[in-house]
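The block underneath contains the structure these notes are about, expressed in structure tokens.
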Amino acid sequence: MAGESTQIAFTIGARRLFTTDRVLDPFAFSLEEALAGIAPTQPPDSSHCDGIRVLSAPLSMERQIVAAFPGHIAGAREEFHRHYIAMDGSFEDYLARFSGKTRSTLRRKARKFAQADGGALDIRAYTAAEEVERFLQLALPLSGKTYQARLLDAGLPDGDCARDEMLAEAAAGRMRCFLLFLGGEPVAYLSLPVRGKTLVYAHLGYDPAHAQLSPGTVLQMEALRMLFAEERFRFFDFTEGDGAHKALFGTHSVACCSFVLLRRTLANRVLLGARAGFDAGVARGKALVQGNRSLASARRLLRA
């Protein structure tokens with residue numbers, strides 16, 4: 001099995017400054033595996049590539065994983081809470097988890113968007129293969145406008161292999177896709193592969209020209225309403241990475257980390273050392289900015 005080309009990125013916030021590619025064998029934990037603290041049944045084999053990319057491993061297993069590959073060095077580490085929705089009740093039960101203020105805010109956003117489009121929300125679901133093909137025709141041009149595509153290289157995958165894979169998954173009943181329209185034009189998309197009884201948060205994006213209408217939030221909530229109504233899913237997995245959006249909509253989380261394990265070569269040592277130094281510098285910069293803000297706030301209080 002061939003590895004996958006993987007970018008080891010140097011980022012500040014949401015902006016990638018530059019990347020270096022390595023061919024890595026993925027070792028990804030499903031949400032159920034992360035919750036249970038068990039490893040995927042298919043072990044990685046890095047003999048044919050530069051190393052291993054560990055994704056969303058539970059923190060409790062990090063040392064065990066690193067120790068299992070003594071010929072590799074770990075780096076490019078990210079620690080985060082993997083947020084998810086436990087879909088063990090109705091949509092109304094899910095809404096009840098939010099504070100009254102948050103529920104009011106979500107309703108207001110939906111009303112505001114509906115009013116901008118003649119009084120009703122135009123949200124369309126795409127499940128069957130022919131429907132998902134239409135979804136891609138509409139969503140791919142929109143994806144190119146999003147900050148996910150422009151800054152993070154994380155828009156909808158645009159290629160024959162990715163398209164064929166999505167259509168095959170849809171033909172097997174394992175895709176849920178949604179579009180939100182404004183004036184008959186798509187302004188937000190959501191793509192969710194289905195793994196067993198888990199919905200996987202793969203791609204969400206919206207046209208930044210309509211950001212003031214909160215299209216991503218509106219689409220997220222209305223899609224969840226439809227998905228809860230199916231009564232067949234156990235989890236909605238927001239996958240790796242922290243974020244205010246994921247924390248807001250998630251009901252639970254599990255502490256996880258992602259990192260790479262590269263072969264012990266000089267080039268890989270230099271790369272991971274540079275990444276570690278860069279991350280430390282970014283962290284110091286953030287701490288300095290936060291400290292200056294706190295100091296400024298204290299001075300304002302003293303002057304008051």
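Hydrogens, waters and symmetry mates are skipped; everything else that's a heavy atom, side chains included, is used. FYI, the numbering just counts along the sequence from 1. A quick note: this is a predicted structure, and the numbers were derived from the prediction, not measured.
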(message) Between Leu138 and Leu142, does the side-chain contact (heavy atoms from CB on, under 4.5 Å) criterion hold? Intermediate values first, please.
(response) CA-CA 7 Å; Leu138 294 168; Leu142 170 60; over 6 Å; no

(message) Test salt bridge (charged side-chain N to carboxylate O under 4.0 Å, His left out) on Arg97 and Asp88; report intermediate values, then the result.
(response) CA-CA 13 Å; Arg97 297 174 182 266; Asp88 52 357; 3.7 Å; yes

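- Listed by first and then second residue, the salt bridge (Lys or Arg N to Asp or Glu O under 4.0 Å) pairs involving residues 119-135 are Asp122-Arg124, Glu133-Arg163 (not counting sequence neighbours).
- Atom CD of Glu169 and atom CG of Leu192 lie 13.0 Å apart (nearest 0.5 Å).
- Applying the under-4.5 Å side-chain rule to Ile, Leu, Val, Met, Phe, Trp and Tyr, the cluster around Ile65 extends to Phe27, Phe29, Ile52, Val54, Met61, Val66, Phe69, Phe259, Leu261.
- To the nearest 0.5 Å, atoms OH (Tyr126) and SG (Cys177) are separated by 9.5 Å.
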(request) Apply side-chain contact (heavy atoms from CB on, under 4.5 Å) to the pair Phe178 and Leu227, showing each step before the final yes or no. (result) CA-CA 11 Å; Phe178 301 88; Leu227 294 166; 3.9 Å; yes

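- In this structure, the side chains of Phe236 and Leu224 come closer than 4.5 Å at one or more pairs of heavy atoms.
- Using a distance-only test at 3.5 Å, with no hydrogens or angles considered, no donor-acceptor pair links the side chain of Lys286 to the main chain of Gly281.
- When all heavy atoms are compared, the tightest approach of Arg232 to Val194 is NH2-CG1, 3.9 Å.
- The minimum heavy-atom distance between Val260 and Ala76, with the atom names listed, is CG2-CB, 3.9 Å.
- Closest heavy-atom contact between Pro215 and Leu180: O-CD2, 3.5 Å.
- The hydrophobic clustering, which links ILVMFWY residues whose side-chain heavy atoms are closer than 4.5 Å, places Leu95 and Val218 together.
- With values rounded to the nearest 0.5 angstrom, Leu121 atom CG is found 9.0 Å from Arg225 atom CZ.
- For the pair Arg264 and His72, the minimum side-chain heavy-atom distance is 4.5 Å or more.
- For the residue pair Ser143/Tyr189, the side-chain donor-acceptor check at 3.5 Å is satisfied.
- Hydrophobic clustering (ILVMFWY, side-chain heavy atoms < 4.5 Å, transitive): Leu219 and Val200 are in distinct clusters.
- The structure places CG of Asp207 at 4.5 Å from NE2 of His210, a figure rounded to the nearest 0.5 Å.
- Side-chain contact between His81 and Lys246 is absent, with no heavy atoms from C-beta onward closer than 4.5 Å.
- Of all the heavy atoms in Asp117 and Gly183, the pair that sits closest is OD1-N, 2.8 Å.
- Defined by atom type and a distance below 3.5 Å, a donor-acceptor pair is missing between the side-chain atoms of Thr20 and Gln7.
- Remark: the Ser99 side chain and the Thr102 side chain contain an N/O donor-acceptor pair separated by less than 3.5 Å.
- Phe80 and Tyr201 fall into different hydrophobic clusters, defined by Ile, Leu, Val, Met, Phe, Trp and Tyr side-chain heavy atoms under 4.5 Å apart, directly or through other members.
- The 12-atom threshold is not exceeded at CD of Glu165, counting heavy atoms of other residues, nucleotides or ligands nearer than 6.0 Å.
- Note: Phe98 and Tyr94 have perpendicular aromatic rings, judged against thresholds of 30 and 60 degrees for the angle between ring planes.
- If you take CD on Glu79 and CD on Glu62, they are separated by 7.5 Å, rounding to the nearest 0.5 Å.
- No more than 12 heavy atoms of other residues, nucleotides or ligands shown are found within 6.0 angstrom of CG on Asp160.
- Partner of Asp237 under the salt bridge (charged side-chain N to carboxylate O under 4.0 Å, His left out) criterion, chosen from Lys197, Arg195, Arg82: Arg82.
- Atoms CG and CE, on Leu136 and Met166 in that order, are 4.5 Å from each other to the nearest 0.5 Å.
- Here the side chains of Met87 and Arg234 are not in contact, with every heavy-atom distance at 4.5 Å or above.
- There is no side-chain donor-acceptor pair under 3.5 Å between Lys109 and Thr217.
- Using a 4.5 Å heavy-atom cutoff, the side chains of Leu35 and Tyr84 are in contact.
- A continuous path of ILVMFWY side-chain contacts below 4.5 Å connects Val187 to Leu106, so both sit in one hydrophobic cluster.
- Leu248 and Leu213 fall within a single hydrophobic cluster, where Ile, Leu, Val, Met, Phe, Trp and Tyr side chains are chained together by heavy-atom contacts under 4.5 Å.
- Donor-acceptor pairing under 3.5 Å is recorded for the side chains of Ser258 and Glu240.
- Thr6 places a side-chain N or O within donor-acceptor distance of the main-chain N or O of Glu4, the cut-off being under 3.5 Å.
- Leu24 places a side-chain heavy atom less than 4.5 Å from the side chain of Leu262.
- In this structure, Glu32 and Phe235 have side chains that are in contact, with non-hydrogen atoms separated by less than 4.5 Å.
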(request) Decide yes or no on side-chain contact (heavy atoms from CB on, under 4.5 Å) for Ile12 and Leu17, but give the supporting numbers first. (result) CA-CA 7 Å; Ile12 297 179; Leu17 300 184; 3.7 Å; yes

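- When all heavy atoms of Asn268 and Asp50 are compared, the closest pair comes out as ND2-O, 4.3 Å.
- Contact check for Arg77 versus Cys257: side-chain heavy atoms found under the 4.5 Å cut-off.
- Ring orientation note: the planes of Phe18 and Phe10 are close to parallel, at an angle under 30° on the 30°/60° scale.
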(request) Could you walk me through whether Phe228 and Ile85 pass side-chain contact (heavy atoms from CB on, under 4.5 Å), step by step? (result) CA-CA 11 Å; Phe228 267 98; Ile85 299 171; 4.1 Å; yes

(message) As a quick check of understanding, evaluate ring pair (Phe, Tyr, Trp, His ring centres under 6.0 Å) for Phe249 and His245, giving each step before the final call.
(response) CA-CA 6 Å; Phe249 290 108; His245 178 89; 4.7 Å; yes

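- Taking both residues in full, the closest heavy atoms of Pro193 and Ser191 are given as CD-O, 3.9 Å, listed atom of the first, atom of the second, then distance.
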